[in-house]
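What follows is one structure encoded as structure tokens, with my remarks underneath.
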Amino acid sequence: MPELPEVEVVRRGLDAHVVGRVIETVDVFHPRAVRRHLPGAIDLARRLEGQTIASAERRGKYLWLVLEPSDVALVVHLGMSGQMLVQPPSAESEKHLRIRARLDSGMDLRFVDQRTFGGWALAELVTVDGTVLPDSVAHIARDPLDARFDPDAVVKVLRSKKTEIKRALLDQTVVSGVGNIYADEALWRAEIHGNRPTDRLTGPRLRCLLESVESVMTEALAQGGTSFDALYVNVNGQSGYFDRSLAAYGQENMPCPRCGAPIQREKFMNRSSYSCPNCQPRPRVVRG
DNA sequence: TATATCTCCTGCGGGC
DNA sequence: TGCCCGCAGGAGATAT
């Protein structure tokens, strides 16, 4: 599942392989892949054709291509299974190919998405807090790898909320880029149970948690950067290249790397949470 | 207004 | 062998 490190790997691939190229033609094969572009697939294709890809940018799990001369952004969200592939036109179409853009380089930029949670949409660029970004991304908070990320401000927001810490970590308007996997890993590193109320965690503990988020993402990014073929922009959400380094997520009944206690799996927000029952004790009183 | 829950989607694995 | 069901989860919509 693409979270911030995986999306950043894709952004770097796009930066290397499609920036500077002109979009010649666009074909949309599945309407759900452009559902966030309200004027529809025909409008999206028409407005993309002839545009030059000026840059590849990212905030959290959102990435976008800045287009010239229209000066709008093609916003891409990978959802759970989205891939942005640079392929020669002769390459066989992928089973879940949703959108194909042909570039003046003679290559295809393909959006492949099995579960169709992701998609493409055009958005106007706006300036928010000194940063230019698509208006559809304006509500997304800065991520921990953003040079202007302010951990003290995030700690303040967290302490003002009346919710559980894992819910808050997954809230992209508080801190962006964190999904279920890295939330569990960061909570394990900080030795905090995900059900702990945010307003009962001290500033230093929250600060420690944010540092854990940054460190786990930085390490994952370093590994992800070595796992892709240099000729392609290739994301495979199922490859699990960071699996070897996971301490908690998906490690049910495996020994905690810190204390040896078996990692437990619990249901949380209609999904799974993994934690060490010894290092990350549940709060005695769960808000309910 | 803030927070919690539901829904969308496809492929896989397990149980019967 | 084939069918059914649960699971995976990001984020917007809807409910509380």
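Note on naming: letters A, B, ... go to the chains in the order of the sequence lines (proteins, then strands), and numbering restarts at 1 for each one.
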Practice task
In plain terms, say whether A:Asp108 and A:Arg102 are close enough for a salt bridge, that is, a side-chain N and a carboxylate O under 4.0 Å apart.
Solution key: yes
Practice task
Output yes when A:Glu266 and A:Lys166 qualify as a salt bridge under the 4.0 Å nitrogen-oxygen rule, no when they do not.
Solution key: no
Practice task
Select base, sugar-phosphate, or nothing to describe what A:Arg35 touches, counting heavy atoms under 4.0 Å on all strands.
Solution key: nothing
Practice task
Scan A:Phe268 against the nucleic acid and name what it touches under 4.0 Å (heavy atoms): base, sugar-phosphate only, or nothing.
Solution key: nothing
Taking only side-chain N and O atoms of [X], does any of them lie within less than 4.0 angstrom of OP1 or OP2 on [N]?
X: A:His139; N: C:dG12; value: yes
X: A:Thr163; N: B:dA2; value: no
X: A:Tyr62; N: C:dG12; value: yes
X: A:Lys161; N: B:dA2; value: no

Looking at [X] and [Y], would you say the former's side chain and the latter's main chain have a donor-acceptor pair under 3.5 Å?
X: A:Gln172; Y: A:Leu170; value: yes
X: A:Arg258; Y: A:Trp188; value: yes
X: A:Thr173; Y: A:His139; value: no
X: A:Glu124; Y: A:Asp135; value: no

What is the separation between atom [atom1] on [X] and atom [atom2] on [N], rounded to the nearest whole Å?
X: A:Asn180; N: C:dA11; atom1: CG; atom2: C1'; value: 14 Å
X: A:Arg36; N: C:dA11; atom1: CZ; atom2: C1'; value: 7 Å
X: A:Glu266; N: C:dA8; atom1: CD; atom2: C1'; value: 18 Å
X: A:Asp113; N: B:dG11; atom1: CG; atom2: P; value: 11 Å
X: A:Leu78; N: C:dG10; atom1: CG; atom2: P; value: 12 Å
X: A:Glu252; N: C:dC7; atom1: CD; atom2: P; value: 12 Å
X: A:Asp171; N: B:dT1; atom1: CG; atom2: C1'; value: 14 Å
X: A:Leu169; N: C:dA11; atom1: CG; atom2: C1'; value: 16 Å

Exercise for the section: Answer yes or no: are there more than 12 heavy-atom neighbours, outside A:Asn270 itself, under 6.0 Å from its atom CG? Expected result: no
Could you write out each protein N or O paired with an N or O of nucleotides 5-10 of chain B at a distance under 3.5 Å?
| residue | atom | partner | partner atom | Å |
| --- | --- | --- | --- | --- |
| B:dT5 | OP2 | A:Arg167 | NH2 | 2.9 |

